[in-house]
Every structure is written in C-alpha cells, then in structure tokens.
Amino acid sequence: MTDFHQVTDLISVAPQISEEDIDRAAADGVKLIICNRPDGEEAGQPPLAELKAHAAAKGIPLVLIPIASGQFTLDAVQQMAASLKEADGAKVLAYCRSGTRSCVLWAMAEAYTKGLSTDELIERGAAAGYDLAPMAAMFENLRAMEA
C-alpha cells in the first residue's frame, strides 16, 4: 500500500497509487484524485484508464495534469490551482511516481493563488518528506504573477 503524505488538512500527495489505494482514499474521505504522471511513463505503471474507472466507481473524479519529470508549466500550475479550487474544501490526493512532482505542483499552485507563504510551503513540504527549499525563488515569482 502506498504512503499518503499529508501537506495540509485537505491535501495529500503520494507515489504511484493502485486500486487498493483508491479504496483507502475513498474510505479516508478523498473527493478528488489528481494524477501528475504521464500515462505510460514507465513499464508496470497502472494504466490511467483503469485507475480512473476504479475511482469513478467509488464516486471520486480522477483528473490528469501530467508533468514530465522536472517540466512544470504555467498551464499545469493554473490547472492544478483550478482543480484545487473546484474541490471546494474537500480532501484531495495528488500522485506521481514518487510524490515529489505532486508536492511541487501543489506548492506552485498555492504560490500562484497567493495561498500559503513561501516559508509555509517549504515547512509543509518538509513535514511531508519533500525538500521544497530550492524552489523558494520560483514560488516568489509565481506569487508576483496575476492569478
């Protein structure tokens, strides 16, 4: 079973999930799953269509905001921000291969929407096991943009 890393009361990130993880997410009250991993990124990765169908059977939408490793775009940040806003205070689980891309994209969306401060993003990332400190300048640049 995959470890879910909680970054806020409502947002968790994780490495690659399985149908069993979707069952656990549903039991935990997750209302939206965000996949930040391109479908077919590596051999053995569960097909997105199967995970999406399983999540739908549990009443959980699964949206795809794919990030090729290290290639974050403003469009992806905006999509993540919109998805989190649409979740409207519900629990969200975002996943990728290791959880790092999901954590970084969550933090970038927070900075873009002027949510948590850069220091808070770094602290929450660290508490979840991710080092976001090298992205501090990027967070500040996103914070300076018009959302």
Side-chain angles (χ1 to χ4, degrees), residues 1-113 115-139 141-142:
M1 195 168 286
T2 302
D3 287 334
F4 296 171
H5 303 269
Q6 192 167 342
V7 291
T8 73
D9 291 341
L10 299 175
I11 310 296
S12 294
V13 299
Q16 177 64 55
I17 63 171
S18 65
E19 290 182 1
E20 180 179 86
D21 295 316
I22 291 170
D23 295 342
R24 183 167 53 110
D28 289 346
V30 168
K31 300 297 182 194
L32 174 65
I33 298 173
I34 301 171
C35 174
N36 297 127
R37 189 169 194 200
D39 201 21
E41 183 177 49
E42 72 181 4
Q45 175 182 342
L48 183 64
E50 290 177 15
L51 294 178
K52 195 171 191 173
H54 191 79
K58 298 290 180 182
I60 304 172
L62 190 156
V63 299
L64 175 65
I65 307 172
I67 304 293
S69 186
Q71 298 179 10
F72 296 91
T73 64
L74 182 56
D75 183 57
V77 171
Q78 291 168 332
Q79 287 180 50
M80 185 71 156
S83 293
L84 294 174
K85 183 177 181 178
E86 288 172 19
D88 196 29
K91 286 186 176 183
V92 175
L93 173 65
Y95 76 92
C96 59
R97 187 184 62 75
S98 68
T100 302
R101 281 177 273 182
S102 293
C103 191
V104 170
L105 189 59
W106 159 78
M108 291 173 78
E110 275 289 316
Y112 181 72
T113 59
L116 297 173
S117 72
T118 295
D119 287 344
E120 289 171 311
L121 294 173
I122 292 168
E123 288 171 15
R124 290 183 186 259
Y130 302 96
D131 181 10
L132 301 182
M135 285 90 174
M138 183 185 347
F139 298 152
N141 288 340
L142 285 165

Counterpart residues, side chain to side chain contact (heavy atoms under 4.5 Å, CB included), relative to E20 (two or more places apart): M1, S18
Please examine the side chains of [Y] and [X], heavy atoms only from C-beta on, and report whether any two atoms are closer than 4.5 Å.
X: R37; Y: E42; value: yes
X: L51; Y: E19; value: yes
X: P15; Y: Y95; value: no
X: D39; Y: L64; value: no

Check [X] against [Y] and note the closest heavy-atom contact, atom names and distance.
X: I122; Y: A136; value: CD1-CB, 3.9 Å
X: P61; Y: G59; value: CD-O, 3.8 Å
X: G125; Y: C103; value: CA-SG, 4.2 Å
X: M80; Y: A109; value: CG-CB, 3.9 Å

ring-ring contact (aromatic ring centres under 6.0 Å, His included) pairs, two or more places apart, involving residues 62-92: none
Worked check of side chain to side chain contact (heavy atoms under 4.5 Å, CB included) between I34 and L84: CA-CA 9 Å; I34 301 171; L84 294 174; 4.2 Å; yes
Check against side chain to side chain contact (heavy atoms under 4.5 Å, CB included), I22 and V30: CA-CA 9 Å; I22 291 170; V30 168; over 6 Å; no
Flag if over 12 foreign heavy atoms under 6.0 Å of CG, D75: yes
Contacts of type ring-ring contact (aromatic ring centres under 6.0 Å, His included), residue H5, not counting sequence neighbours: Y130
Residue pair I33, I17: steps toward the side chain to side chain contact (heavy atoms under 4.5 Å, CB included) verdict: CA-CA 10 Å; I33 298 173; I17 63 171; 4.0 Å; yes
Rounded to the nearest 0.5 Å, what separates atom [atom1] in [X] from atom [atom2] in [Y]?
X: Q79; Y: E86; atom1: CD; atom2: CD; answer: 10.5 Å
X: R97; Y: N36; atom1: CZ; atom2: CG; answer: 13.5 Å
X: R124; Y: D119; atom1: CZ; atom2: CG; answer: 12.5 Å
X: L32; Y: L10; atom1: CG; atom2: CG; answer: 11.5 Å
X: L121; Y: W106; atom1: CG; atom2: CH2; answer: 5.0 Å
X: M108; Y: N141; atom1: CE; atom2: CG; answer: 10.0 Å

Tell me if a side-chain donor or acceptor on [X] pairs with a main-chain N or O of [Y] at a distance below 3.5 Å.
X: Q45; Y: P38; result: yes
X: R101; Y: I67; result: yes
X: T2; Y: Q16; result: yes

Identify, with sequence neighbours excluded, every residue that meets side-chain hydrogen bond (donor to acceptor under 3.5 Å, both in side chains) alongside [X].
X: E120; value: S117
X: T118; value: E140
X: T8; value: none

Trace of the side chain to side chain contact (heavy atoms under 4.5 Å, CB included) decision for V104 with L132: CA-CA 7 Å; V104 170; L132 301 182; 3.7 Å; yes
